[in-house]
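Once you've had a glance at the structure underneath, I'll fire off some questions.
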Amino acid sequence: MSTEGGATGYIVHHLTPLSVGEGFWTLHLDTLFFSALLGGLFILFFKTVAERATSGVPGLAQNIAETLVEFVDTQVKDSFHGRSPLIAPLSLTIFCWVFLWNSMDLLPVDLLPMIAGLMGMEYMRVVPSTDLNGTFALSISVFFLIFFYSIKVKGLLGFAKEMTCTPFGPKMMPFNLLLKTVEELAKPISLGLRLFGNLYAGELVFILIALLPPVLQPLLGFPWAVFHILVITLQAFIFMVLTIVYLSLAHEDH
Amino acid sequence: MSINATLIGQMITFTLLVWFTMKYVWPPIIAALEERKTKISEGLAAAEKGQEEIKLAEKKATSLLKEAKAQSAEIVSAAQKRANQLVEESKDQAKKEGERLLEAAKAQIEQEMLQAKESLRKEVSSLALRAAEQILKEEIDKAKHQDILSKAADQLG
């Protein structure tokens, strides 16, 4: 535990990413590494199951994968009424990946930074969803998809018409455009910030608990971790459901 | 807390993950699920059909059993009837046979009686002849009175 600079120093240290580069071209190596690692885990698990998928009696792994797939599929079918080969796999990926990101939160706050410290790395922030870059990468990708599907389904003209002539009719065109632009931009920003805010705050509380005397730590850490299991799942679920809802809105022709 | 190139890296990773899931993960799992669904529904349908078949077979078995029972009862009654008939027939036959035997015995007795009568008559006639011969030895010429003697013998019969 590096306690130089007291409690503030400890907190700041825990929330500083391991980075290389300057300015915009800074890369948060920890975020990139852990999200790729977790993505790899996700792919490995599901790929193994998909390769051995049988319509007979499923094994444990297949059961888990099928439960997730069916859960996501139900969500997609509930809110999305078109046919798209992308949306369901996209939702599954978002749900599982964000869930894995968030669950890094449950590891002891000092465990991985300490190991990294022993390996000579000064900073280590292990939860990719506490990095705005991580959450915004997802939400901006979703935003691009919204954009893409809006134009694909409604045509460029239809999309332009929707942006300018709703909700108040052609006479209020500039106001409509402003309103719609804000509406569309609010989607990725709220998506990204919601996930980031929840997990950042959660991680912060864990760090604060870690500053308490050791006797008090389990007393507070345990309930917070239990509560966090809910938050982790809930945030992953919210991100997925909102993605589905936004994309189904993009598919709707007025 | 700044937005930087990490964002781009994360977006690339995300795109790859989504592409991979879409291409290699989602379709086989969904296919397996669908296949199981059809399998289960087929199985259920087959089970239902099987149950119906069992019911049908039971019905058939019951009717067959009923038929067999009726048939066996018929056979038994026919056999009884036949047996009665046979008994009657044999009774009749026995009676007829007995009558026939009786008749034959009677005929035989009559015949024997006739025969005995004949032989008796012959004997009596010969006896009478002999006696007459003895008595009339001298007086009667056998050849001369042959006619009378045989007439007498005839009358004795």
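All figures in this text were calculated on a predicted structure; none of them were measured in a lab. Sequence lines set the chain letters: A, B, ... in the order given, protein chains first and strands last, and positions in each chain run from 1. Just the heavy atoms: all of them, side chains too, but no hydrogens, waters or symmetry mates, feed the values below.
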Task: Atom pair CG/OG1 of B/Leu16 and A/Thr93 - distance to nearest 0.5 Å - done: 11.0 Å

TODO: Flag the one option from A/Gly56, A/Ala65, A/Gly21, A/Ala36 with the top tally of heavy-atom pairs under 4.5 Å to chain B.
DONE: A/Gly56

Task: Atom group of A/Asp131 that falls short of 4.5 Å from chain B, counting heavy atoms - done: side chain

Task: Nearest atoms (heavy-atom pairs only) where A/Ala50 meets B/Tyr24 - done: CB-O, 3.6 Å

- [ ] Test B/Thr15 against A/Phe144 for side chain to side chain contact (heavy atoms under 4.5 Å, CB included), laying out the working first.
- [x] CA-CA 11 Å; B/Thr15 312; A/Phe144 284 155; over 6 Å; no

TODO: May I ask you to test the A/Ile43-B/Thr21 pair for a side-chain heavy-atom distance under 4.5 Å?
DONE: yes

Open item on the list: Once rounded to the nearest 0.5 Å, what's the spacing between atom CD1 of B/Ile29 and atom CD of A/Glu70?
Closed with: 10.5 Å

- [ ] Please report the shortest heavy-atom distance between A/Ser35 and B/Gln10, naming the atom on each side.
- [x] OG-OE1, 2.6 Å

TODO: Look up atom CZ in B/Phe14 and atom CD1 in A/Ile140, then write down how far apart they are to the nearest 0.5 Å.
DONE: 12.0 Å

Task: Pairs involving residues 11-37 of chain A, ordered by first then second residue, that meet salt bridge (charged side-chain N to carboxylate O under 4.0 Å, His left out) (sequence neighbours left out) - done: none

TODO: Measure distances from A/Glu51 to the heavy atoms of chain B and classify the residue's part below 4.5 Å as side chain, backbone, both or neither.
DONE: neither

Open item on the list: Please find the pair of heavy atoms, one from A/Ser141 and one from B/Met11, that lie closest to each other, and give the distance.
Closed with: OG-CG, 3.5 Å

- [ ] Any chance you could measure B/Thr13, atom OG1, to A/Leu38, atom CG, to the nearest 0.5 Å?
- [x] 11.5 Å

Task: Nearest heavy-atom neighbours spanning B/Ala32 and A/Ser55 - done: O-CB, 3.7 Å

- [ ] Give a yes or no answer on whether the side chain of B/Arg36 reaches the backbone of A/Val57 with a donor-acceptor pair at less than 3.5 Å.
- [x] no

Open item on the list: For a side chain to side chain contact (heavy atoms under 4.5 Å, CB included) check, start with the C-alpha distance between A/Phe42 and B/Val25, then their side-chain angles and the critical distance, and finish with the verdict.
Closed with: CA-CA 10 Å; A/Phe42 159 68; B/Val25 169; 5.7 Å; no

Task: Residue A/Trp97 versus chain B: region with a heavy atom under 4.5 Å - done: side chain

Open item on the list: Quiz question: by atom type and distance under 3.5 Å, do the side chains of B/Thr6 and A/Thr31 form a donor-acceptor pair?
Closed with: no

Task: Side chain, backbone, both or neither of B/Ile12 within contact of chain A (heavy atoms, under 4.5 Å) - done: neither

- [ ] Would you name the heavy atoms of B/Leu7 and A/Ala137 that are closest together and state the gap between them?
- [x] CD1-N, 3.2 Å

- [ ] Check A/Phe24 against B/Ile3 and note the closest heavy-atom contact, atom names and distance.
- [x] CD1-O, 4.0 Å

Task: pair B/Met22-A/Leu90: side-chain heavy atoms closer than 4.5 Å - done: no

